[in-house]
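Working notes, beginning with the structure itself.
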Amino acid sequence: MDTAEKVRAGLGKRYAAERRFRLFGMGAIVVALCFLVFLFASIIGNGYTAFQQTFIKITVHLESEVIDPRGQRDLHKLRTADYGALVKKSLRAQFPEVSGRRDKRKLYGMVSNGAAFDLQAMVMRDPDLIGKVLDVWVAADDDIDMLMKGHIDRGRPEAERRLKDLEVGWIDRLIADQRLEMRFNSAFFTAGDSREPELAGIWGAAVGSFYTLLVTLLLSFPIGVGAAVYLEEFAPRNRWTDIIEVNINNLAAVPSIVFGLLGLAVFINFFSLPRSAPVVGGLVLTLMTLPTIIIASRAALKSVPPSIRDAALGMGASKMQMVAHHVLPLALPGMLTGTIIGMAQALGESAPLLMIGMVAFIVDIPGGPFDPATVLPVQVYLWADSPERAFVERTSAAIMVLLGFLALMNTLAVFLRKKFERRW
Amino acid sequence: MTTPMLALVLLMLIVAAFEAGRRRAFHVAGNEFRSLHSRPRYYGSYTALWCIIPALLLLVLWLSLKEWVITSLVIAELPAALRSQSPGQLDLLVNDIRNQVATGGAAADALPAVAIAVDRYRDLQWLSYTAMWVAVLSAGIVGAGLAWRRIAPQFWARNRVEGIYKGLLLVCSTIAIFTTVGIVLSVLFESIRFFNAVPVLDFLTGLEWSPQTAIRSDQVGSSGSFGAVPLFAGTLLVSFVAMMVAAPVGLMSAIYLSEYASSRVRATAKPMLEILAGIPTVVYGYFAALTVAPMLRDTGAVLGLSVSSESALAAGLVMGIMIIPFVSSLSDDVINAVPQAMRDGSYALGATQSETVRRVILPAALPGIVGGLLLAISRAIGETMIVVMAAGLSANLTANPLESVTTVTVQIVTLLVGDQEFDSPKTLAAFALGLVLFLVTLLLNVIALHVVRRYREQYE
Amino acid sequence: MLDQADTIAMDVPPEADSGPTRAAGEEKKIKTTGRVTVNKPIITARDVNVRYGDKHAIKDVDIDIAYNEVLAMIGPSGCGKSTFLRCLNRMNDTVDIARVTGRIELEGHDIYDRKTDVVTLRARVGMVFQKPNPFPKSIYENVAYGPRIHGLARNQVELDEIVQTSLRKAGLWEEVNDRLEQPGTGLSGGQQQRLCIARTIAVSPDVILMDEPCSALDPIATAKIEELMDELKENYSIVIVTHSMQQAARVSQRTAYFHLGDLIEVGETERIFTNPRHKLTEDYLTGRFG
């Protein structure tokens with residue numbers, strides 16, 4: 001039997017193995033991409049409803065006896081007036097047949113606690129409204145919202161439902177009167193955190209993320225670029241430089257939570273910086289993103305051809321001038337790309353921030369990097385832990401916003417790379 | 001004066017120093033402008049740098065030490081009865097004093113001694129603030145003055161300025177070292193305190209982990225409930241599940257993308273895989289807890305298996321998904337580093353593609369792939385959010401991935417999030433766990449980076 | 001002859017004109033000088049064209065390869081001789097952008113036919129590369145690789161025998177028989193190349209293609225390989241691409257001269273070197289360019 005015959009004899013089996021192997025490879029990719037699709041589908045499927053919110057139209061009489069009995073328009077008085085009573089009164093007027101304390105409490109629970117604040121804000125903005133009768137759209141309670149979105153099943157026995165038949169009846173009446181409808185949930189984008197799902201928003205966390213990233217950027221970009229320039233352009237090749245390099249590579253792979261421990265022990269316990277503050281979060285994230293930025297910046301510096309350095313030095317420029325005038329400008333786009341990618345990492349990071357207390361429940365929008373704050377991913381974590389059904393969709397929606405920001409940053413990085421990519 | 005105003009004053013001082021240095025350069029040069037060694041602005045920069053650096057150094061030093069100094073002074077002046085409390089109670093008292101200072105004065109119901117301390121604290125704070133700015137501004141002025149006096153035609157200002165810049169760059173590059181040192185010191189220091197209360201051996205070999213009981217009965221370490229073996233086992237179990245997903249899928253995707261896929265498929269599939277790497281871990285955690293865990297539980301129920309709703313399987317599975325792109329991009333790199341000549345040699349002998357991959361490329365790339373997998377394992381071990389959200393809190397010692405386990409990172413988070421007394425073994429245990437985590441991942445990384453580097457050198 | 005040379009110079013300037021806008025039919029075919037056919041060919045190539053994307057690398061090449069001969073292909077860099085060589089066992093398949101047209105037959109069967117199996121083809125037409133490329137495995141495993149994947153040995157004894165015979169034929173057995181388990185990458189350059197030849201022989205091909213096999217070797221190693229080729233031609237047909245005219249003159253029976261993708265002249269090696277008929281061949285051999 002000659003070679004060709006022997007080879008032919010085994011071909012069938014070998015090609016079957018080939019096909020199998022190829023199929024495995026394709027399967028792996030398909031599996032990975034299916035995970036991706038499944039993840040996005042699950043997040044979007046759960047979250048898109050959060051951008052809508054059920055509102056109820058109540059007819060309120062802004063009685064001057066309640067708000068401003070003396071008619072002085074004193075701002076402090078206006079602020080502290082009992083707007084809740086007005087809301088309750090209007091609900092009673094809407095459903096006059098309701099009696100008994102328990103039923104009344106259920107009735108009052110139909111609209112969000114935020115309704116009183118809405119009225120307060122309206123009056124504070126325009127005190128002339130006092131004494132008038134107004135139709136106001138206020139957010140409904142989260143249970144009603146869930147019923148409208150189909151997360152509470154009307155078909156189930158009453159005992160297993162959070163909303164009883166009585167309340168469902170009220171809701172149907174409101175719908176019939178066109179006093180209940182779905183509207184864009186602007187509070188989600190403008191409010192801080194809240195225990196009430198219908199009042200909770202991501203703005204506080206977004207601002208916290210902004211301050212944290214600002215601190216991170218202001219520290220990590222100059223330090224990262226400085227370190228890269230030193231290592232690439234000035235550092236002598238010796239043990240010390242080797243140690244620094246190995247160190248940077250290792251830091252890049254240290255678990256993020258360890259950076260959190262560092263932040264807790266050093267910044268909070270030793271330097272007594274405030275807990276939960278974006279400035280500490282920024283410091284921790286700076287240390288965490290530095291390796292990324294340094295490695296990217298060094299790659300950018302390496303890609304600048306030596307001929308440019310030679311040309312500058314040949315003209316009599318000092319080494320510092322050569323770097324500042326010629327090498328840095330050429331390497332800058334690459335460094336920026338690396339920095340944006342580092343910032344995107346920092347934006348999605350949450351574990352180290354838990355350690356330094358940025359996990360607190362904070363209602364107020366932070367006014368600066370020293371105010372207590374939380375960040376978007378930690379907000380996601382906090383809401384994911386909340387038991388209310390309405391937080392599920394809000395968590396998913398917050399994730400969508402977070403992913404949106406990340407996509408934006410990465411697109412920017414890709415755009416920068418494409419635009420300034422240069423082949424020497 | 002307010003802080004922004006003072007900062008403005010400092011800024012103006014710097015500008016003034018620059019201008020003064022520059023003018024002095026012109027002045028000392030006189031008509032012999034050419035006799036100046038450097039251009040006048042370098043003399044200006046030199047003076048300004050000598051203003052800015054001492055001022056900023058002093059500012060940072062002062063800010064980092066003032067809290068400690070003031071607290072020590074206040075404590076020293078407390079009555080002996082209050083001072084001789086246990087460190088924990090003293091800490092509480094100091095916190096109380098600080099809170100009262102922050103809210104604007106001694107509370108009405110405060111002890112007289114405490115009220116005095118609050119006032120004293122406030123005075124010292126004000127004093128420190130004033131003294132700090134006086135010191136900072138004078139440091140700037142003195143520094144600039146000294147530099148200004150040195151200006152002469154033959155003074156090499158440019159070289160000095162560049163030397164200072166170079167020094168600053170050097171400092172930037174050493175931040176990485178300081179970070180490592182900081183990590184080591186902070187976890188080591190607290191760990192040693194922990195090991196004073198709980199013997200190292202008990203910690204590393206103990207089979208029972210329940211830090212909560214130690215707190216409740218106030219038995220410092222004597223309960224022997226700080227045995228971390230269940231945590232290590234849980235971590236390994238979750239990481240193992242993750243690698244079972246990530247290693248085959250990641251490796252096979254890398255092989256397919258680099259050996260089989262057309263450039264069009266590669267150009268779309270690769271970035272899609274990279275998206276998986278860019279998703280924040282908290283999102284994976286939420287996905288695991290909300291979607292995957294209930295799904296596994298329901299599937300288990302159908303099959304007659306009891307799957308915990310916080311099973312190691314759910315957390316590991318999702319963690320595996322997260323690590324897929326990590327494994328695939330590292331493997332892709334090493335597979336691409338195998339020279340084309342190897343492939344040609346194999347094809348020329350009549351090998352099929354899969355034979356070439358399995359018998360030539362994979363063996364050749366093996367060290368690199370092993371290195372990549374080690375890095376992936378280290379990442380799985382250190383991953384926090386997924387397990388915090390999807391794995392359990394109870395320390396079960398089990399090898400069954402359907403049961404709930406807890407991990408090192410989960411325990412660190414649970415021990416440190418929320419109200420904490422800083423000296424209890426409960427809090428310190430988190431640092432001991434952190435130390436173990438740091439050492440293990442460091443070891444894995446060092447080995448992996450070494451292996452990968454050796455591998456790359458082989459084909460260069 | 002002069003006319004022809006001028007035509008070439010006008011019509012086929014370097015690459016510039018061979019753009020994609022020119023269809024193959026428009027190009028003037030250059031007639032190869034000398035006899036391209038042989039009496040009993042193992043391989044016949046007719047109208048072979050290769051395009052790498054826009055680049056027309058091989059233009060209408062016709063040539064035969066006889067049993068038990070060494071055919072040398074010479075020509076200046078980038079003339080397409082390596083490209084043509086890679087057509088003969090379809091190694092161009094691994095390059096995405098390469099397109100081969102025309103007809104190449106191995107013992108009467110078109111190797112680019114859909115029914116021809118590339119694995120079987122390559123088992124019959126082996127190839128040795130410019131740079132020695134032993135696999136990062138032991139010497140034994142390197143040689144055993146081909147027999148293993150093709151299932152040529154029924155048992156370990158047979159495999160051992162194949163490995164030993166191949167190493168002997170490649171003249172390497174004496175040097176390595178005591179260290180077969182050591183990695184092949186640890187050998188010297190010349191030994192590595194002979195290992196690659198042994199690896200190729202182990203599959204018992206009919207034809208061995210050699211792509212500048214000595215260009216990375218020192219003169220002594222080169223001499224050994226050349227000696228080896230002389231012995232191998234007793235059993236195999238060998239096609240060698242070489243940059244060294246002396247090597248072509250020493251080892252080959254026939255020589256083909258390529259220029260910018262055209263096969264200019266083919267003939268007995270002695271005749272080509274002593275009496276080139278085409279102006280371009282003469283210029284190349286006398287060192288006027290190349």
Side-chain angles (χ1 to χ4, degrees), chain A residues 7 14-15 17-18 21-22 24-26 28-29 31-33 35-36 39 42-43 223 226-227 229-231 234 244 247-251 253-258 261-262 264-266 269 271-272 287 290-291 318 320 344 348 350-351 354-355 359 377 380-381 384 392 395 399 402-403 406 410, chain B residues 64 67 158 162 165-166 168-170 172-177 179-180 182-183 186-187 190 248-249 252-253 255-256 260 269 272-273 275-276 278 280 282-283 286-287 289-291 321 324 350 352-354 375 378 382 384-385 389 409 412-413 416-417 422 431 434 437-438 441-442 445-446 449:
Chain A
V7 171
R14 288 171 67 193
Y15 276 125
E18 171 74 23
F21 192 73
R22 209 187 155 99
F24 280 143
M26 231 182 314
I29 302 240
V31 165
L33 294 185
F35 281 139
L36 183 70
L39 189 141
S42 139
I43 301 283
I223 295 179
V229 166
Y230 179 78
L231 290 175
F234 294 100
I244 294 182
N247 225 299
I248 290 171
N249 284 334
N250 279 327
L251 272 188
V254 167
S256 60
I257 191 168
V258 174
L261 289 176
L262 167 79
L264 175 62
V266 173
N269 287 333
F271 287 124
S272 303
L287 298 182
L290 261 184
S318 70
M320 192 63 74
S350 34
L354 301 185
M355 303 283 93
V359 67
V380 168
Y381 167 70
V392 170
T395 313
I399 289 177
L402 176 62
L403 290 179
L406 288 176
N410 282 302
Chain B
S64 52
E67 204 68 40
R158 182 176 55 72
E162 290 183 349
Y165 284 150
K166 200 171 144 183
L168 289 177
L169 294 180
L170 174 67
C172 288
S173 75
T174 51
I175 299 266
I177 301 268
T179 309
T180 311
I183 289 174
S186 55
V187 292
E190 309 291 353
V249 176
M252 284 309 289
S253 330
I255 290 172
Y256 187 82
Y260 286 96
M272 300 263 282
L273 280 183
I275 291 179
L276 278 176
V282 68
V283 177
Y286 177 69
F287 177 62
L290 183 86
T291 312
I321 299 174
I324 288 173
T352 63
Q353 247 174 319
S354 65
L375 283 178
S378 133
T384 308
M385 292 317 286
M389 296 171 84
T409 46
I412 295 179
V413 170
L416 287 184
V417 168
F422 206 71
F431 284 89
L437 183 65
F438 178 69
T441 50
L442 185 71
N445 295 336
V446 169
L449 289 177

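Below, chains carry the letters A, B, ... as their sequence lines are ordered, and counting in each starts from 1. Source: prediction; values computed, not measured.
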With only heavy atoms counted, which part of A:Leu290 is less than 4.5 Å from chain B, the side chain, the backbone, both or neither? side chain

Where does A:Ile29 contact chain B at under 4.5 Å (heavy atoms): side chain, backbone, both or neither? both

For B:Leu170, is it the side chain, the backbone, both, or neither that has a heavy atom closer than 4.5 Å to a heavy atom of chain A? both

I'd like to know which of [options] tops the heavy-atom pair count under 4.5 Å against chain A.
options: B:Ile275, B:Val249, B:Ile321; answer: B:Ile321
options: B:Leu273, B:Leu168, B:Ile183; answer: B:Ile183
options: B:Ile177, B:Thr441, B:Ile324; answer: B:Ile177
options: B:Gly382, B:Pro280, B:Gly182, B:Gly350; answer: B:Pro280
options: B:Phe438, B:Tyr286, B:Tyr165; answer: B:Tyr286
options: B:Leu442, B:Leu276, B:Leu375; answer: B:Leu276

Calculate, to the nearest 0.5 Å, the distance between atoms CG and CD belonging to A:Asn269 and B:Glu190 respectively. 7.0 Å

For the CG atom of B:Leu290 and the CD1 atom of A:Ile43, what is their distance to the nearest 0.5 Å? 7.5 Å

Does [X] reach the side chain of [Y], with side-chain heavy atoms less than 4.5 Å apart?
X: B:Ile175; Y: A:Leu287; result: yes
X: A:Ile257; Y: B:Ile412; result: yes
X: B:Val283; Y: A:Val380; result: no
X: B:Met385; Y: A:Leu354; result: yes
X: B:Thr409; Y: A:Pro255; result: no

The criterion is salt bridge (Lys or Arg N to Asp or Glu O under 4.0 Å); which residues satisfy it with A:Arg22, sequence neighbours excluded? none

If the condition is salt bridge (Lys or Arg N to Asp or Glu O under 4.0 Å), which residues does A:Glu18 pass it with, not counting sequence neighbours? none

Which atom pair, heavy atoms only, marks the closest approach of [X] to [Y]?
X: A:Ala253; Y: B:Ser378; answer: O-OG, 4.1 Å
X: B:Met272; Y: A:Leu36; answer: O-CD2, 3.6 Å
X: B:Ser173; Y: A:Ala227; answer: CA-CB, 3.5 Å
X: B:Phe287; Y: A:Ser42; answer: CD1-OG, 3.7 Å
X: A:Met355; Y: B:Val417; answer: CE-CG2, 4.4 Å
X: B:Met252; Y: A:Phe24; answer: CE-CB, 3.4 Å

Flag the one option from [options] with the top tally of heavy-atom pairs under 4.5 Å to chain B.
options: A:Val254, A:Ile248, A:Val266; result: A:Val254
options: A:Gly25, A:Gly348, A:Ala32; result: A:Gly25
options: A:Leu231, A:Leu39, A:Val229; result: A:Leu39
options: A:Ala17, A:Ala351, A:Ala384, A:Pro291; result: A:Ala351
options: A:Phe35, A:Tyr15, A:Phe234, A:Tyr230; result: A:Tyr230
options: A:Leu261, A:Val392, A:Val258; result: A:Leu261

Any chance you could lay out the side-chain contact (heavy atoms from CB on, under 4.5 Å) test for A:Phe21 and B:Thr352, step after step, and finish with the verdict? CA-CA 11 Å; A:Phe21 192 73; B:Thr352 63; over 6 Å; no

